[in-house]
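Single-structure report; data block below.
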Amino acid sequence: MNVRFAERSTLRAVRAYRDTESSNAEGSPPITFDLSSNELALPPLPSVLAGIEKGFPQLARYPDPTARDLTAEIARHLCVSAEELAVGPGSAGVLQQLLLALCGKGDEVVYAWPGFDAYPLLVAISGAISVHAPLTVSGGHDLDEIRTRVSARTKVVILCSPHNPTGVTIDHGELHSFLNSLPDHVVTVLDEAYVEFDRGSDPAGTPVLLREHSNTVVLRTFSKAYGLAGLRVGYAAGPRQVMAAVRKAAIPFGVTRFAERAAILSLRSEVELLERLAAVAAAREELTAGLRELRLPVLSSRANFVWLPLAWAAESFARAAATAGIKVRAYPGHGARISVGEAEAHRTLLTALDRRDHGDAF
Ligand SMILES: Cc1ncc(COP(=O)(O)O)c(C=O)c1O
């Protein structure tokens with residue numbers, strides 16, 4: 001039967017998020033270690049788990065629709081006011097709110113590509129059009145290229161530092177000059193999903209950036225360094241008028257009681273966080289060294305993943321990893337990304353790659 005409906009035109013060109021991927025495709029070897037999503041390979045902190053359990057008896061009740069306690073905690077953490085914040089179901093959820101609040105049909109959103117693979121989808125959902133700028137050869141943002149793509153139609157520019165998928169950060173001086181060069185009608189979102197791996201829990205740069213550049217929004221998440229990807233909680237900090245619009249575009253009760261409690265406790269667990277960050281950095285450096293010993297090209301990363309600029313060999317690299325039961329992310333034509341994982345996962349991967357056939361394309 002033919003169903004008559006009108007899909008938003010920008011949605012026709014995109015697919016649902018990662019719907020072509022199967023965690024266990026038929027005929028493929030079982031996945032022992034998933035190093036494809038930049039999650040933390042550690043369980044949540046014990047204090048956080050205990051806090052979550054306390055919320056179970058209240059499951060019949062809606063959470064606080066404004067996530068007031070978490071907002072207050074983040075405000076203290078970042079030295080900003082609650083009006084300058086919006087929390088939501090993951091930073092992807094908050095970015096979606098921002099794009100829905102600021103963009104519409106015919107508007108453009110500019111960002112570097114390859115980038116976080118939800119950006120094209122979230123832009124399409126808002127009705128706007130994605131405009132891509134290439135990365136530099138060293139995997140960084142080419143801010144000049146991005147600037148040339150900004151036009152009267154541009155509503156939002158998204159920057160990502162450390163960048164997913166390369167792990168390269170944006171230089172502060174260059175960022176300031178870039179932000180100063182933008183016209184007033186453009187809001188810049190600085191996606192800092194991985195910032196703690198680069199700067200620890202030190203939020204120092206953020207309030208200064210927000211004070212100096214009135215059209216800038218910083219996006220953060222509890223999914224990565226804080227290890228709460230499964231709970232879905234993230235936030236944005238920026239000008240109060242923009243944040244008021246972002247809060248309006250939220251799905252009601254989007255942040256669960258569990259997510260709110262866990263995020264508050266995580267922000268109070270500074271010492272444990274720093275220990276974990278040090279362990280991730282050490283594991284990342286070991287993985288980088290191991291891959292380089294195998295004569296593979298690896299960029300120096302400031303995040304919890306590493307990037308191999310393998311261009312079209314990325315897919316055969318991912319297949320070789322899959323044969324050893326390791327899932328990594330291939331970006332055909334660009335490279336492959338490996339999340340920092342368990343020591344055993346790294347050992348298994350490096351051993352499999354060491355035995356690789358000389359006929360392999362990477
Ligand atoms: C750059 C970047 N931003 C945002 C996100 C979304 O994180 P979440 O929605 O879990 O907060 C991710 C997740 O992989 C990411 O890589």
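Numbering of ligands and ligand atoms starts at 1, following listing order. In this chain, residues are counted from 1 in sequence order. Bear in mind the structure is a predicted one, so any value in this text is a computation, not a measurement.
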- Item | Proximity flag A229 to ligand 1, non-hydrogen atoms under 4.0 Å | no
- Provide the number and element of each atom of ligand 1 under 4.0 Å from a heavy atom of N164. 1 (C), 15 (C), 16 (O)
- Among all protein non-hydrogen atoms, which one is nearest to atom 7 (O) of ligand 1, and what is the separation to 0.1 Å? S91 OG, 3.3 Å
- Message: In this structure, would V94 and I125 fall into the same cluster of hydrophobic residues linked by side-chain contacts under 4.5 Å?
- Response: yes
- Query: Are V189 and L182 in one and the same hydrophobic cluster, where Ile, Leu, Val, Met, Phe, Trp and Tyr link if side-chain heavy atoms are under 4.5 Å apart?
  - Reply: no
- Close approach, D191 and ligand 1, non-hydrogen under 4.0 angstrom: yes
- R232 heavy atoms within 4.0 Å reach ligand 1 at atoms 8 (P), 9 (O), 10 (O)
- Task: Please indicate whether E342 has more than 12 foreign heavy atoms, meaning atoms of other residues, nucleotides or ligands, lying under 6.0 Å from its CD.
- Result: yes
- Message: I'd like to know if H163 contacts ligand 1, where contact means a heavy-atom distance under 4.0 Å to any ligand atom.
- Response: no
- Item | Donor-acceptor pair between N38 and R329 side chains, under 3.5 angstrom | no
- Query: Would you say the side chains of R302 and Y194 form a donor-acceptor pair under 3.5 Å?
  - Reply: no
- Item | atom 14 (O) of ligand 1 - nearest protein heavy atom and its distance | K224 NZ, 2.8 Å
- Message: Check for me whether F222 has a heavy atom closer than 4.0 Å to any atom of ligand 1.
- Response: no
- Query: Has A193 got any heavy atom lying under 4.0 angstrom from an atom of ligand 1?
  - Reply: yes
- Message: Using a 3.5 Å cut-off on N or O atoms only, is V233 in polar contact with ligand 1?
- Response: no
- Could you list the atoms of ligand 1 found under 4.0 angstrom from a heavy atom of C160? 1 (C)
- Enclosure of R68 CZ (heavy-atom neighbours >12, cutoff 6.0 Å): no
- Is it the case that S81 and E83 place a side-chain donor and acceptor less than 3.5 Å from each other? yes
- Query: Does the side chain of Y111 come under 3.5 Å of the side chain of D191 through a donor N or O and an acceptor N or O?
  - Reply: no
